[in-house]
Amino acid sequence: MTIFWFLFKEGFKGLLRSKYSGAFSIIIIAVSIIMVGFGYVIARDTLFAVGNIRSQFDVDIFIVATAGPQDIEDFHQKLRSMNEIDQILYISPEMAAEKFKKEFGEDIFDILDYNPLPPSFTISLKSIYRNLMSVEAIASILQRDSIVDEVKYRKNFLIILEKYQRVILVVVLVVFAVLTIISIILTSNSIKMTIFARRDIISTLKLIGATNRFVKMPFVIEGTLEGGLGALLAGLIIYGVIYVQNNYLQSFFDYRLNVSLRYYIALFVLGLFLGWVGSRRAIRRFL
Amino acid sequence: MISFINVTCSFRKNAGVKDLNFSIDDGEFVFLTGPSGAGKSTLLRLIYMDLFPEKGKVLIRDFDSSRMRDRQIPYLRRKVGMIFQDFQLLKDRNVYQNVAIALYASHYKTREIKSRVYDILNQVGLGHRVHHKATELSGGEQQRVAIARALVKEPMVLLADEPTGNLDPRVSIELINLLNKINKKGTAVIVATHNYSLIKRVPGARLIQMNEGEITSIT
Ligand SMILES: Nc1ncnc2c1ncn2[C@@H]1O[C@H](COP(=O)(O)OP(=O)(O)O)[C@@H](O)[C@H]1O
Ligand SMILES: [Mg+2]
């Protein structure tokens with residue numbers, strides 16, 4: 001306990017003592033976190049925008065022409081009971097004819113003397129089911145119902161979408177790994193300046209019988225504190241940017257930034273991590 | 001307590017020390033003399049295992065240079081106190097902190113640290129200087145802080161490499177008298193110096209004379 005408290009105080013005092021190089025490290029860490037933090041939001045929102053276009057996952061269900069009103073009502077009831085489904089839209093043959101007229105500018109009754117359009121349902125899925133696999137599964141369940149003539153969805157489009165989502169995800173992960181590595185290198189280089197300025201204490205401690213752990217700990221604690229402070233600085237700046245965007249700039253960029261408390265906590269943990277790994281890396285040279 | 005067995009340790013161009021054989025017992029006072037470059041510092045560094053022999057071995061109690069692992073070195077150094085010509089104090093800390101840090105590094109408890117530090121500072125005559133910054137002290141006082149830091153963990157031997165090199169003659173004599181007093185209490189002391197006038201200040205001390213890396217005479 002004595003030893004832990006001593007090392008913590010040493011780390012804290014070190015932070016106060018290393019004015020410029022300490023401030024520099026904090027700024028480097030803050031810049032790193034801002035890069036990663038905004039990178040994350042942009043990547044997340046892009047993926048979300050692409051992946052969550054609601055109508056792309058809609059499923060159209062065409063009913064057989066022989067189905068009576070009661071059959072259709074029963075089927076509607078069955079759809080309501082499926083918990084994958086978010087919204088159900090019933091399109092009667094009359095509504096279908098009107099839709100046809102709107103879309104093609106011609107009255108179907110001018111071409112044929114009867115309405116060939118079957119009744120149908122358009123269902124949209126809850127967001128967690130908006131992926132190719134779930135859509136396929138739901139479609140095949142519905143297809144089995146004898147009242148269903150045909151189930152249609154945008155299969156080819158969804159296949160391509162999933163492929164690109166995976167590519168984008170890999171690219172995002174790689175970019176993040178690279179950003180994190182760059183952050184660690186930058187952080188450890190700036191912490192090295194701090195340590196260099198106080199290398200006399202390292203050699204002295206080693207002469208009087210301190211273990212490497214003992215020598216290392218104050219610097220690691222100092223670096224971790226710098227990481228926390230850098231994260232706080234980054235958090236404030238990100239908060240400010242989000243505030244300005246959402247309150248003043250939304251008419252210029254039609255985009256609303258939404259982040260949760262969890263996001264800020266994650267950035268804080270990232271800051272501690274950068275400071276910790278960076279200082280451990282930095283001190284290795286001097287031991 | 002300390003044994004050198006056929007120890008050779010060289011740097012580039014063969015400088016260093018050659019084929020040293022001697023031993024030092026508990027509680028002895030030893031002067032290590034010889035001209036500059038004779039190998040005195042190298043011999044001391046071999047004792048606190050800042051250097052390792054390329055031939056032969058150095059034994060310090062249970063520590064054997066030929067079997068030492070890096071992680072054992074701190075434990076040896078808690079048994080071997082060291083002071084240097086340039087004191088090597090932490091300039092931005094006060095006297096108390098400079099001494100206490102040696103005990104923190106050896107994992108003592110807070111209460112024990114306090115009483116030991118005050119006790120040792122009184123012994124070296126610095127009881128009234130506890131809260132001064134190291135840099136506010138005279139050379140002689142700084143060297144006494146270094147001695148306190150070396151002694152506070154009760155080492156079996158105190159190594160002093162040119163301890164009076166930066167001190168004027170009167171202060172040098174006081175310092176040697178202090179080392180003698182410490183030795184009388186049971187700690188072995190090894191002083192490397194090229195200042196022969198100090199030697200006669202400690203009657204009965206052993207003398208190891210070196211030249212060009214070799215021991216030329218030993219008593
Ligand atoms: N780190 C070193 N690198 C190269 N040569 C060294 C080093 N340390 C000491 N020497 C050489 O070893 C010899 C003994 O040096 P040293 O032990 O410092 O002598 P002393 O302390 O008696 O003056 C000298 O010739 C010196 O130049
Ligand atoms: Mg020397």
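Each chain gets a letter, A, B and so on, in the order the sequences are listed, and its residues count up from 1. Atom set for the values below is all heavy atoms of this structure, side chains included, hydrogens, waters and symmetry mates excluded.
At least one donor-acceptor pair under 3.5 Å links the side chain of B/R77 to the backbone N or O of A/K206.
Only the side chain of B/R149 comes within less than 4.5 Å of a heavy atom of chain A; its backbone N, CA, C and O stay farther away. With a 4.5 Å cut-off on non-hydrogen atoms, B/Y108 touches chain A through its backbone but not through its side chain. Only the side chain of B/K153 comes within contact range of chain A, with heavy atoms under 4.5 Å apart. At a 4.5 Å heavy-atom cutoff, the contact between B/Y104 and chain A is made by backbone and side-chain atoms alike. Neither the backbone nor the side chain of B/E112 comes within contact range of chain A, judged by heavy atoms closer than 4.5 Å. At a 4.5 Å heavy-atom cutoff, the contact between A/L205 and chain B is made by side-chain atoms alone. Proximity to chain A is limited to the side chain of B/R93, based on heavy atoms less than 4.5 angstrom apart. The contact between B/D92 and chain A is made entirely by side chain atoms (from C-beta outward), counting heavy-atom distances below 4.5 Å.
Atom OH of A/Y264 is surrounded by more than 12 heavy atoms from other residues, nucleotides or ligands within 6.0 Å. Surrounding NZ of B/K18 are more than 12 heavy atoms belonging to other residues, nucleotides or ligands, all under 6.0 Å away. Within 6.0 Å of CG on A/N247 lie more than 12 heavy atoms contributed by other residues, nucleotides or ligands. Within a 6.0 Å radius of CZ in A/R281, more than 12 heavy atoms belonging to other residues, nucleotides or ligands are found. Under a cut-off of 6.0 angstrom, the local environment of NZ in A/K126 is crowded, with over 12 non-hydrogen atoms contributed by other residues, nucleotides or ligands. A/F286 CZ: more than 12 foreign heavy atoms inside a 6.0 Å radius. In B/H194, the NE2 atom is not crowded: 12 or fewer heavy atoms of neighbouring residues, nucleotides or ligands sit closer than 6.0 Å. Environment of CZ in B/F52: crowded, with over 12 heavy atoms of neighbouring residues, nucleotides or ligands closer than 6.0 Å.
Looking only at side-chain heavy atoms (C-beta outward), A/L207 and B/F84 come within less than 4.5 Å of each other.
For the side-chain contact (heavy atoms from CB on, under 4.5 Å) criterion with A/F6, the lone passing option out of B/T110, B/I101, B/I113 is B/I101.
Taking NZ from A/K13 and CD from B/Q97, the interatomic distance works out to 5.0 Å, rounded to the nearest 0.5 Å. Expressed to the nearest 0.5 Å, how far OG1 of A/T204 lies from NZ of B/K91 amounts to 7.5 Å.
Scanning all heavy atoms of the two residues, the minimum distance from B/A102 to A/I208 falls at CA-CD1, 3.6 Å.
A/F214 and B/H107 have tilted rings, their planes meeting at an angle from 30° to 60° on a 0 to 90° scale.
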